[in-house]
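The figures here come from the full heavy-atom set of this structure, side chains too, leaving out hydrogens, waters and symmetry mates. Note on naming: letters A, B, ... go to the chains in the order of the sequence lines (proteins, then strands), and numbering restarts at 1 for each one.
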Amino acid sequence: MTLRGPIVDVGDVRTVSTQYGDREVCELRVRPDEGAGDPVRVTLWGKWTHTGEHAEVGMELLVTDPEEDDFGDEAGYTTSEESWVVLEPDFLVDVTGVRSWVQCPRMYYLNKLSGIPLNYPVVKGTVVHEVFGDLLRGVDLDEAVADRVEEAGLELGLLGYEPTEVEDEVRRNAAAVEGWLEQGTLTETDTWRSEYTLISPTFGLKGRADALRRGAPVELKTGKNTKREPRFHDKMQAACYALMLADRGETPDTGTLLYTKNTALDRNEETGDLSPAKEFSVGTGLLKFVVRTRNELAAMEWRTLNDPDPEAGIPTGYEADAKCQYCFEQDTCMVVSGRLNQESKAGQIGEPLPEEERAYLSRFYRALEEERRETHAEYRKLWEQTAAERAEDDRALIDLDPRGQTEIEGGRWRLRAGTPGDAVSKLREGDVALASDGDPVAGHAELGRITSLGEDEVVVETDEPVELRRIDVYPSEISVDRSLTALHDAVLKGDERRKDVLFGRRDPEFSAAPADRDPFIDNNEAQDEAVARAVDAEDFALVHGPPGTGKTYTIARTIRALVDAGERVLLAAFTNRAVDNALEALRDQGFEDVVRVGSQQGVRGDMQDVRLVRRGDPGEKAGELGDAPVVAATTAACGSRVMREQAFDVAVVDEASQLTEPGTLAATNLAERFVLVGDHKQLPPVVRAENDLQRSLFQRLIEDHPEAGVMLDRQYRMSQRIQSFASAEFYDGDLRPATPAVAGQSLADLGADAADLPPALRGGVNFVDPDGDRDGNRNVREAERVAGVVDAYVDAGVDVEDIGVIAPFRAQVAEIGRRTDATVDTVDRFQGSSKEVIVISLVATGDLDGPIFEDHRRMNVALTRAKKALTLVGDAEALASEPFYERLLDWARR
DNA sequence: GCTCTGCCAAGAGGA
């Protein structure tokens with residue numbers, strides 16, 4: 001039995017005499033049954049009182065196997081010998097977090113804030129780990145070393161290393177492992193698994209073990225340890241994995257640390273041992289210590305989010321009993337505590353940040369941590385929802401039929417499975433996902449990449465084979481982590497000049513344009529002015545590009561102008577698609593000297609020829625990136641270790657209105673000046689939590705400094721009739737067709753004859769009321785009618801390829817998709833593209849309740865995808881229930 | 001109640 005619920009009262013720790021002598025106790029009151037039950041007393045005994053000291057009212061408490069007691073006049077529970085006590089179990093602590101927290105709580109925060117920069121020990125460590133995995137998979141040592149070093153070419157090159165010296169060093173580490181594997185330790189009964197992904201719902205832990213040997217965790221270290229015992233924090237790390245295995249009902253009683261820098265010269269004087277391996281026993285005492293440490297960490301994180309003051313400082317922790325004199329982070333630690341004006345045992349360096357900057361940092365830190373909680377909630381669904389619910393939620397492909405496992409290059413595996421019928425999910429080709437035997441938490445799961453997702457078969461590549469019966473979306477904290485780092489770099493490391501404009505202490509400045517400068521763009525004044533603004537900006541420039549106004553063309557022209565002026569340019573955007581589109585425009589204008597940074601899966605096929613392949617000769621790779629005058633990457637990639645080492649004169653950021661403020665900073669941090677391009681009247685950033693992240697830096701700056709912005713006001717996409725509503729509602733009537741031809745376009749231009757259409761569809765904009773009924777997020781009758789409308793257009797001579805259907809919900813998208821060959825998608829996914837004819841299914845009947853309709857910007861996006869004809873399909877009564885939609889209805893019916 | 005793109009993640013060192 002497990003007791004679980006929010007804490008409603010916390011007592012002090014006190015000492016009581018028992019028949020076993022003096023013992024410490026701490027009484028809490030918890031409201032069980034998800035907070036619905038009456039509060040009960042929970043008594044924590046002995047060392048669990050440590051967790052009681054960190055508990056606060058409002059935190060969630062979990063106690064496994066409690067004993068009932070009737071102490072006093074009230075029934076309650078106490079911890080038993082078998083009990084585990086977990087605070088905030090929903091907060092998933094990463095194993096490496098526990099490890100650094102044990103070393104020094106402040107180090108945990110420093111790592112989290114500043115990220116681990118590109119440095120040789122870490123890159124080498126990664127290579128050794130990869131080789132270790134290869135050895136376990138039976139790859140030849142020399143082959144593995146050469147291959148993995150080559151794979152790390154780019155990083156090594158940026159660090160200035162030669163492949164041969166790295167190979168030698170890695171080989172020495174790997175040889176130690178190989179020697180150990182061969183010296184009889186590895187017997188026939190040994191079973192190995194490398195890179196084992198673990199999530200523990202009970203203990204609120206997650207992480208990836210380097211390897212499991214006979215079910216016990218093995219951790220690889222590239223350092224040296226000549227002591228008899230493993231280092232304590234290394235033991236903690238291995239113990240974390242043991243604990244997570246215990247949550248699955250497996251009980252490893254040992255852990256192994258492999259210190260691969262140990263050589264024969266380091267023979268242990270006491271034991272005579274020259275093995276790199278140190279085995280230790282994993283007892284309950286150690287495991288309980290792990291849990292208490294994790295609780296301490298989770299409690300600290302809880303306090304950050306629940307501090308009544310939203311601008312309370314970042315709790316960079318305290319040093320506990322760490323000895324700062326040996327700490328490698330000492331300098332960073334002193335700088336950060338100096339900047340944040342916090343106590344630090346190591347001392348402070350530098351002046352504290354101005355108060356507004358500290359407040360900004362705190363506000364966004366908290367916003368990002370809220371976002372992290374939302375990500376954790378996604379993890380929770382992995383075990384709280386049934387497989388069927390996950391599938392219903394579009395977050396998993398279930399009931400797969402395993403069709404075979406093939407070993408591929410590098411000892412990895414290619415898994416195939418048949419998919420049942422019309423499985424819909426968020427999962428897409430190229431995604432990293434959790435492949436499992438049917439149970440991703442308690443069963444066997446492997447993190448892998450979906451390489452193919454066809455009509456009836458799915459293919460995944462993983463490190464180890466697994467019976468492929470289910471694939472789940474794997475929530476990742478990487479964007480939160482990288483946003484935090486970007487925030488740190490911008491505020492704690494950012495230069496003063498940049499911060500003065502970001503914090504409104506100075507207005508952005510522009511240099512005077514040379515009087516005799518030729519226009520950059522001849523036939524479009526606003527576009528020309530936008531390029532000029534960007535070129536002349538000494539701080540930043542903003543380009544507001546409504547739908548169809550030639551935003552991408554302007555970006556390409558701007559980049560060329562900047563390169564002509566001798567500048568090194570970073571081209572960034574939120575999505576891979578936007579990066580590739582901008583790159584395409586740049587190449588269309590004859591500019592080819594670009595490098596695209598991104599994964600093979602992320603980068604579009606026709607841009608692969610300029611994609612930076614990381615594998616190769618270090619010197620060459622570093623040159624390819626470092627010498628490129630234009631580098632293009634997503635903002636997420638800009639936050640990567642490699643990109644954080646790059647410096648640019650100007651960062652041009654597309655889709656800036658879809659980026660959170662920290663997300664934008666990841667790109668702008670890398671450059672002296674920046675140009676943001678976007679449209680804050682279209683969709684805002686996608687975030688899970690509701691907070692400061694919902695407003696983009698683009699929007700904040702354009703509202704604060706309209707003079708730094710230029711709005712592109714001529715659109716090349718929509719007919720006059722189609723654009724008029726959006727122009728009036730969203731752009732103050734300033735959006736105009738670029739030419740009479742654009743304004744006057746119609747279906748006749750496609751060779752279709754409006755006379756062949758039913759009268760209700762003959763207009764440039766039409767409204768159809770199918771009299772359907774909304775059922776959840778779908779409306780079947782409306783879906784049928786939408787398909788009918790598409791057919792009518794096709795019958796009148798419109799190519800089905802030229803028709804797009806937009807619906808607000810994925811359920812309706814699927815419903816319509818079954819009935820037509822036209823492209824059907826959600827509004828959000830249609831942003832950035834257009835079609836000759838657009839049909840919009842509104843789904844709602846009766847009223848327009850729901851968040852999807854609240855943000856009118858979504859409607860702006862939907863309406864402005866159409867070029868020549870637009871038909872709205874929906875319930876007139878629902879539309880008339882809200883003024884904005886009523887105006888929309890009037891316009892459509894006109 | 002809804003929309004959803006990025007990212008493999010974890011990787012070192014010493015008294």
Between Glu477(A) (side chain only) and Arg372(A) (backbone N and O only), is there a donor and an acceptor less than 3.5 Å apart?
no
Taking only the side-chain heavy atoms of Arg208(A) (C-beta and beyond), determine which of dC8(B), dA12(B), dG14(B) contains the nearest atom.
dC8(B)
Counting only N and O atoms by type, is there a donor-acceptor contact under 3.5 Å from the side chain of Arg449(A) to the main-chain atoms of Gly430(A)?
yes
Nucleotide dC2(B), atom P - distance to CZ of Phe830(A) in whole Å:
22 Å
What integer distance in Å separates Tyr379(A):OH from dC7(B):C1'?
11 Å
Considering only dG6(B), dC8(B), dA12(B), which nucleotide approaches the side chain of Ser479(A) most closely?
dG6(B)
At 4.0 Å (heavy atoms only), tell me whether Gly207(A) reaches a base, stays on the sugar-phosphate, or touches nothing.
sugar-phosphate
d(CG, Asp463(A); P, dA9(B)) in whole Å
12 Å
What pairs of residues pass the salt bridge (charged side-chain N to carboxylate O under 4.0 Å, His left out) test when at least one of them lies in residues 844-856 of chain A, not counting sequence neighbours?
Asp855(A)-Arg857(A)
Can you figure out which of dC2(B), dC4(B), dA12(B) approaches the side chain of Glu329(A) most closely?
dA12(B)
Over all strands shown, is Arg577(A) touching base, sugar-phosphate only, or nothing at heavy-atom distances under 4.0 angstrom?
sugar-phosphate
Looking only at atom types and distance, does a side-chain atom of Arg774(A) sit under 3.5 Å from a main-chain N or O of Gly776(A), one as donor and one as acceptor?
yes
DNA chain B: stems of at least 3 consecutive Watson-Crick or G-U pairs whose donor-acceptor distances fall under 3.5 Å
none
Distance check needed: dC2(B) C1' versus Arg810(A) CZ, whole Å only.
9 Å
dA15(B), OP1 or OP2 - any side-chain N/O from Arg231(A) closer than 4.0 Å?
no
At less than 4.0 Å, is any side-chain N or O atom of Ser476(A) found next to OP1 or OP2 of dA9(B)? Yes or no.
yes
Where the side chain of Thr126(A) is defined as all heavy atoms beyond and including C-beta, which of dA10(B), dG1(B), dT3(B) is the nearest nucleotide?
dA10(B)
Thr634(A) side-chain proximity, nearest of dC4(B), dC7(B), dA12(B)
dC7(B)
d(CD, Glu378(A); P, dC2(B)) in whole Å:
13 Å
Going by side-chain hydrogen bond (donor to acceptor under 3.5 Å, both in side chains), name the residues that satisfy it together with Gln694(A), two or more places apart in sequence or in a different chain.
none
Could you work out which one of dT5(B), dA10(B), dG14(B) sits closest to the side chain of Phe574(A)?
dT5(B)
Would you say Asn173(A) places a side-chain N or O within less than 4.0 Å of OP1 or OP2 belonging to dA12(B)?
no
Minimum-distance nucleotide (side-chain atoms of Arg829(A) versus dG14(B), dA12(B), dT5(B)):
dT5(B)
Using a heavy-atom cut-off of under 4.0 Å over every strand shown, decide if Leu683(A) touches base, sugar-phosphate, or nothing.
nothing
Partner of Arg810(A) by salt bridge (charged side-chain N to carboxylate O under 4.0 Å, His left out), out of Asp394(A), Asp828(A), Asp393(A)
Asp394(A)
dG14(B), dA12(B), dG1(B): which one has an atom nearest the side-chain heavy atoms of Asn777(A)?
dG1(B)
NA contact type, Glu219(A), heavy-atom cut-off 4.0 Å: base, sugar-phosphate, or nothing?
sugar-phosphate
To the nearest angstrom, how far is Arg614(A) atom CZ from dC7(B) atom C1'?
12 Å
Between the side chain of Gln682(A) and the main-chain N/O of Val861(A), is any donor-acceptor distance below 3.5 Å?
no
Decide yes or no for Gln237(A) and Lys221(A): does some side-chain heavy atom of the first lie under 4.5 Å from some side-chain heavy atom of the second?
yes
Do Asn111(A) and Glu329(A) come within less than 4.5 Å of each other through their side chains, counting heavy atoms only?
yes
Taking dT3(B), dT5(B), dC8(B) as options, the one with an atom nearest any side-chain atom of Asp828(A) is dT3(B)
Mind checking Gln237(A) for me? I need base, sugar-phosphate or nothing, with any heavy atom below 4.0 Å counting as a touch.
sugar-phosphate
Interatomic distance where CG belongs to Leu92(A) and C1' belongs to dA9(B) [whole Å]
15 Å
How many Å lie between CG on Asn111(A) and P on dA12(B), as a whole number?
12 Å
Can you identify which nucleotide, out of dT3(B), dG6(B), dA10(B), has its nearest atom closest to the Asn576(A) side chain?
dG6(B)
